[in-house]
Amino acid sequence: MLNHPIPFLDLLSPHRELEEELVAASREVIRSAQFVGGPQVEGFEREFAEYCQTKYCVAVGNGTDAVRFALQAVGVTAGDAVITVPHTFIATVEGISQAGAETEFVDIDPDTFTMSPTCLASYLEACRTDPESGRPIGLRSGKPIKALVPVHLYGQIADMDVIGELARRYKLIVVEDSAQAHGAEYLSGGEQSIDGRPGWRRAGSIGHAAAFSFYPGKNLGACGEAGAITTNDENVAKFVRMIRDHGQAQKYYHEIEGYNGRLDALQAAFLRIKLRHLETWTEQRRTAARRYRELLSGLGAEIISLGSESTTHKPVYHLFVVRTKEREALGNHLRELGIQTGLHYPVPLHRQKCYLGWGYQEGSFPVTERVASEILSLPMFPELTAAQQQRVADAIEAFTRAAVR
Ligand SMILES: *Cc1c(COP(=O)(O)O)cnc(C)c1O
């Protein structure tokens, strides 16, 4: 068993464990013949809103739709610009484009890997003000900026107090991309935050609205595609309910042209079962992250592990990412020893072929670019054992020893 491969992500074990329950739930859905919307979806929406500590949750077909619908619901339309980071999964930006808006990038913070409040502040300071809306005009697009999308990457919430304060000062709406941060917590001071409420806040409850994905590999994953919007704003929830369902508030009466963006009952039923295990899975991830940090701490400054519990952050470790200048070599070394790794993400969005036309240059976002060339995601999932982590650490130690020599 010594050289049994260690997967990057183990989706088999939790489904083996929950198989009977999942099959029973799907039998129930089949017998009800309520396949799209209905009591399973409403039940999941209630339970997930409660989990996120928000008033509303509206379930949709996937996380990319969730980003787009959330932006549309807070009023983003064609002719607007939206700020986000280039170090994220492309769906964040697809959601912005598909809402009709232009993307403006700001760099990330080198310690948290989420939106840099310093870069955001200096970016906003450099913008002219649109005389009509009073909003800053995007430096790249020349369009008035309406919203900000901080991404809670790897399971860690962005610096929401400073971001919230800037958003208030510049009249911007905040939509959290919470696709990697189900249940992550952040201690808000209150005065600066968007709703002025102090205390520990869960991902999805801090901005005006938030987007979640339940893609199978996320911390809470469906057995297929699924997503959701959370918000405390009744109008946002109402709008998303309408736009996900062909723009109808009442059957065959279409207020706006919408989408087919609903969640199906099977996925909702699966998600309700899995949601009951999410707290346990998150604690297991936290334990695994602590073990990694202990095991890797002696390995010198060459290997830096990212994200940690602090007085203001309780991350949920969607990923456990380390940084090293010898990323390729370390990845290859681990692969040879049967240890799978991931890259999240190898090419920053402003350097992707599809966005080259936007005119950003290499060097536009130095932190993002450096990080993209140095990161490596180690195996991380709730069932990861101490023995498996010891093997990962031994492999990394052998690599660093060989590198030093
Ligand atoms: C997964 C993900 C999404 C999109 O989710 P899908 O359900 O795959 O459409 C959006 N943003 C981030 C940061 C993600 O990781």
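Order of appearance sets the numbers: ligands from 1, and atoms from 1 within every ligand. As the structure is a prediction and not an experimental result, all values here were calculated from the model.
- Pairs engaging residues 62-80 under the salt bridge (Lys or Arg N to Asp or Glu O under 4.0 Å) rule: Asp65-Arg68, Asp80-Lys146 [sequence neighbours left out].
- For Glu279, the CD atom counts as densely surrounded, since its 6.0 Å shell holds more than 12 non-hydrogen atoms of other residues, nucleotides or ligands.
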Ligand 1: which protein N/O atoms lie under 3.5 Å from its N/O atoms?
{"from": "ligand 1", "atom 1": "5 (O)", "to": "Ser213", "atom 2": "OG", "distance (Å)": "3.1"}
{"from": "ligand 1", "atom 1": "7 (O)", "to": "Gly63", "atom 2": "N", "distance (Å)": "2.7"}
{"from": "ligand 1", "atom 1": "7 (O)", "to": "Ser213", "atom 2": "OG", "distance (Å)": "2.7"}
{"from": "ligand 1", "atom 1": "9 (O)", "to": "Gly63", "atom 2": "N", "distance (Å)": "3.3"}
{"from": "ligand 1", "atom 1": "9 (O)", "to": "Thr64", "atom 2": "N", "distance (Å)": "2.8"}
{"from": "ligand 1", "atom 1": "9 (O)", "to": "Thr64", "atom 2": "OG1", "distance (Å)": "2.5"}
{"from": "ligand 1", "atom 1": "11 (N)", "to": "Asp177", "atom 2": "OD1", "distance (Å)": "3.3"}
{"from": "ligand 1", "atom 1": "11 (N)", "to": "Asp177", "atom 2": "OD2", "distance (Å)": "2.8"}
{"from": "ligand 1", "atom 1": "15 (O)", "to": "Gln180", "atom 2": "NE2", "distance (Å)": "2.9"}
{"from": "ligand 1", "atom 1": "15 (O)", "to": "Lys218", "atom 2": "NZ", "distance (Å)": "2.6"}

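- Listed by chain and residue number, Phe48, Phe214 satisfy the ring-ring contact (aromatic ring centres under 6.0 Å, His included) test with Phe44 (two or more places apart in sequence, or in another chain).
- Tyr355 pairs by the ring-ring contact (aromatic ring centres under 6.0 Å, His included) definition with Trp358, not counting sequence neighbours.
- Ion pairing between a basic and an acidic side chain is recognised when a charged N comes within 4.0 Å of a carboxylate O; Arg31 and Glu28 show no such pairing.
- We find the CD1-OG1 distance between Ile375 and Thr341 to be 11.0 Å, quoted to the nearest 0.5 Å.
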